[in-house]
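Down below is the structure, laid out as structure tokens.
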There are 2 protein chains.
Amino acid sequence: MHENDESPLTRKLAAFVALSDAELSVLERLHQRRRSFKVGTDLVHQGQSDRAAYILSEGWVCSYKIQPDGTRQIVDFQIPGDFLGLRSVLLRTSDHSFEPVVDIRAAEVLAADLLEAFAQTPRLATAILWAASRDEAMVVEHLVGLGRRDADARMAHFLLELGSRLALVGMGGRAGYDCPLTQYHLADALGLSAVHVNRVLRQLRERGLVTFRNGRVTFDDYAALIDLADFDPAYLDQSGPLLKW
Amino acid sequence: MHENDESPLTRKLAAFVALSDAELSVLERLHQRRRSFKVGTDLVHQGQSDRAAYILSEGWVCSYKIQPDGTRQIVDFQIPGDFLGLRSVLLRTSDHSFEPVVDIRAAEVLAADLLEAFAQTPRLATAILWAASRDEAMVVEHLVGLGRRDADARMAHFLLELGSRLALVGMGGRAGYDCPLTQYHLADALGLSAVHVNRVLRQLRERGLVTFRNGRVTFDDYAALIDLADFDPAYLDQSGPLLKW
DNA sequence: CGCCAAGTTGATTGGCATCAAGAAATGTGG
DNA sequence: CCACATTTCTTGATGCCAATCAACTTGGCG
């Protein structure tokens, strides 16, 4: 597909375990069934229906819950290399829905294939479970942000986290990254109103910290932003744990 | 220990799968190494240290994260029958700390024992993973509450959720339940100030919905409370999924 | 009996939502 | 390629929810 056939997931996992050729080819085989989804077509991932997971290879997705009163809370965003609905393959739980933020391409993974891959290559299984556990840690961090950070710090923390995640799959760095999210997405994720998101972004820009504009996030003062957000990327990188295996 | 030797965990799992005698005895064996912890003695569960999990059999625990600015966000409470640090056994992640709310009694479970139990009784493994997935769903629901519910609804939802969880292990019902939490605990869990927690509780009491007093939660108008909280216990019960196995 | 944690209540402040209205960007069909 | 429609973004004005500050009360306990 691309010049090198390295998928974002491969790239992400490789950052934490050195995968053998055999493991790489098993991983590759998981990417067989490619599918596309357009914005607007909800990936209805409601429990009972299908028991497939996806590996996102291109584009962004958000997972969310709708409240009875109509408001929406975005639980997390998925970027290339992330799993969609991994849990609902292994167990039969799927408490939230998925919606593409932009047109996406993803590989469908059947439960059987995944379990077989796990059986064949335990190290790969460990790596994937590590990724899943990292996702959980992000949800927890998100919860902490909603509970105990004000709007500025929340936004700063969010933009930094996204930057770190994207850097892992080669889609961003200290300078910034391309970001297809609208201010409404930010609002629904951060528990703010869209109007206030706009004000917060303006303020961060005017303070010379970060610029969110035209689908691009630019870090103007990385260090100061980290300071404002009290950002500690330990929960993302966890560098070390897997290397020992 | 008690009149019948049924542990809270057994009781909880039994609500979702009918466990065979063999499975029950394996479960029993996991409860061998009993330990006690007193209030104040933090269960330092910081990643690297020990790789044991606990099954809580008596008392309450909270899991939390401390922010650099000193504020605390409680991620969840554990009640009898719940696991502590299950994830950190399987993976080496432990992003938050545990602290007893009252003196507790718990069974220590070594990674090896757990894995062996899983190998022996797949159905038990499924049941335990179901419980873990339920925990995750609760964290997500908590996140939604922080992002999109006002103080009243948040409190109401929290008290209802706790009631449902306790009912599952026979420690409460529609009438109410004993609750050792302080208003500070509620504040740290709900992302509110302790002062405001007090006001919200008073208001709920005066509206005839629920009374939180002297370590006891009393539901004065269950239906109205559910209505206020938009409480849908689907994410807790998930009745059905496991029964099919 | 006196101490300390937990709970209670009032007064004041401030962060963020809401309402409202317009400007810019993006998309769409003719 | 333009006219028009629909998002998306932007900014101001106003009000409310919940934080903060400050006392005071209550209850448990050595």
Side-chain angles (χ1 to χ4, degrees), chain A residues 38-40 60 62 67 69-74 99-103 145-156 158 178-207 210-217 228, chain B residues 38-40 60 62 67 69-74 99-103 145-158 178-207 210-218 228:
Chain A
K38 294 209 170 296
V39 177
W60 294 35
C62 70
Q67 293 292 99
D69 69 359
T71 60
R72 176 173 78 159
Q73 177 65 47
I74 291 179
E99 174 187 287
V101 170
V102 293
D103 292 352
L146 286 173
R148 290 295 177 209
R149 273 193 271 267
D150 64 18
D152 294 0
R154 219 136 89 205
M155 178 68 76
F158 174 80
D178 291 323
C179 173
L181 303 178
T182 67
Q183 295 185 359
Y184 289 92
H185 284 121
L186 295 179
D188 284 346
L190 301 178
L192 301 170
S193 70
V195 173
H196 200 60
V197 162
N198 186 282
R199 291 190 223 280
V200 168
L201 286 174
R202 171 156 59 111
Q203 203 214 325
L204 291 177
R205 188 186 339 120
E206 286 171 354
R207 283 211 265 165
V210 63
T211 304
F212 180 100
R213 197 155 245 182
N214 297 121
R216 176 91 196 161
V217 172
L228 171 68
Chain B
K38 294 208 170 296
V39 177
W60 294 35
C62 70
Q67 293 290 101
D69 69 0
T71 60
R72 177 174 76 158
Q73 176 64 48
I74 291 179
E99 175 188 287
V101 170
V102 292
D103 293 351
L146 285 173
R148 291 295 176 208
R149 273 193 271 267
D150 64 18
D152 294 1
R154 219 137 91 205
M155 178 68 75
H157 194 279
F158 174 80
D178 292 322
C179 174
L181 303 179
T182 67
Q183 294 185 359
Y184 289 93
H185 284 121
L186 295 179
D188 284 346
L190 301 178
L192 301 171
S193 70
V195 172
H196 199 59
V197 162
N198 186 285
R199 291 190 224 279
V200 168
L201 287 175
R202 169 157 59 111
Q203 203 215 324
L204 291 177
R205 186 183 344 115
E206 288 171 352
R207 284 211 264 165
V210 63
T211 305
F212 181 100
R213 197 155 244 184
N214 298 122
R216 176 88 196 165
V217 172
T218 308
L228 170 68

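Only a predicted model underlies this, so the values are computations on that prediction, with no experimental measurement involved.
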- Sugar-phosphate only, base, or nothing, as touched by B:Val200 at under 4.0 Å among non-hydrogen atoms: nothing
- Polar side-chain contact B:Arg199-C:dG10 base: donor and acceptor under 3.5 Å: yes
- Close side-chain approach of A:Glu99 to A:Arg72, heavy-atom, < 4.5 Å: yes
- Item | Side-chain N,O (A:Arg202) to OP1/OP2 (D:dT10) below 4.0 Å | no
- Query: Which part of the nucleic acid does B:Gly191 contact within heavy-atom distance under 4.0 Å: base, sugar-phosphate only, or nothing?
  - Reply: sugar-phosphate
- Does the base of C:dG7 carry an N or O that pairs as donor and acceptor with the side chain of B:Arg213 under 3.5 Å? no
- Query: Roughly, in whole Å, what's the span from CZ in A:Phe212 to C1' in D:dC9?
  - Reply: 11 Å
- Message: Base, sugar-phosphate or nothing for B:Ser193? Non-hydrogen atoms, less than 4.0 Å.
- Response: base
- Message: Please give me the minimum heavy-atom distance between A:Phe158 and A:Leu181, naming the atom from each residue.
- Response: CZ-CD1, 4.0 Å
- To the nearest angstrom, how far is A:Gln203 atom CD from D:dT10 atom P? 14 Å
- Query: With a 4.5 Å heavy-atom cut-off, do B:Gln73 and B:Leu146 have their side chains touching?
  - Reply: yes
- Measure the distance from CZ on B:Arg154 to C1' on D:dA18 and round it to the nearest whole Å. 9 Å
- Task: Side chain of A:Thr182 only, please: which of C:dT18, C:dT9, D:dT8 is the nearest?
- Result: D:dT8
- Below 4.0 angstrom from OP1 or OP2 of C:dT8, is there any side-chain N or O of B:Asn198? yes
- Compare all side-chain heavy atoms of A:Val197 with those of A:Phe212 and state whether any distance is below 4.5 angstrom. no
- With A:Arg148, which of B:Thr71, B:Asp69, B:Asp188 fulfils side-chain hydrogen bond (donor to acceptor under 3.5 Å, both in side chains)? B:Asp188
- Task: Report which part of the nucleic acid A:Asn214 touches: base, sugar-phosphate, or nothing (heavy-atom distance under 4.0 Å, all strands).
- Result: nothing
- Can you tell me the distance, in whole Å, between the CG atom of B:Leu190 and the C1' atom of D:dA19? 15 Å
- Query: Would a 4.5 Å heavy-atom cut-off, applied to side chains only, mark B:Val200 and B:Leu186 as touching?
  - Reply: no
- Message: Side-chain N or O of A:Gln183 versus OP1/OP2 of D:dT10: is the shortest distance under 4.0 Å?
- Response: yes
- Of A:His196 and B:Leu181, the one whose nearest nucleotide on DNA chain C sits closer to the 5' end is B:Leu181
- Have a look at the helix from C:dC1-D:dG30 to C:dG30-D:dC1 and give the angle its two end axes make, five pairs each, rounded to 10 degrees. 50°
- Query: Quick one: does B:His157's side chain have a donor or acceptor within less than 3.5 Å of a partner on B:Arg154's backbone?
  - Reply: no
- Side chain B:Asp103, main chain B:Val39, donor-acceptor under 3.5 Å: yes
- Message: From CG of B:Leu192 over to C1' of D:dC17, roughly how many Å is that when rounded to an integer?
- Response: 11 Å
- Message: Here's a test of your reading of the structure: between A:Tyr184 and A:Arg148, which maps to the more 5' nucleotide of DNA chain D?
- Response: A:Tyr184
- For atom CG of A:Asp150 and atom P of D:dA19, their distance in whole Å: 13 Å
- From CG of B:Asp188 across to P of C:dA6 the rounded distance in Å is 12 Å
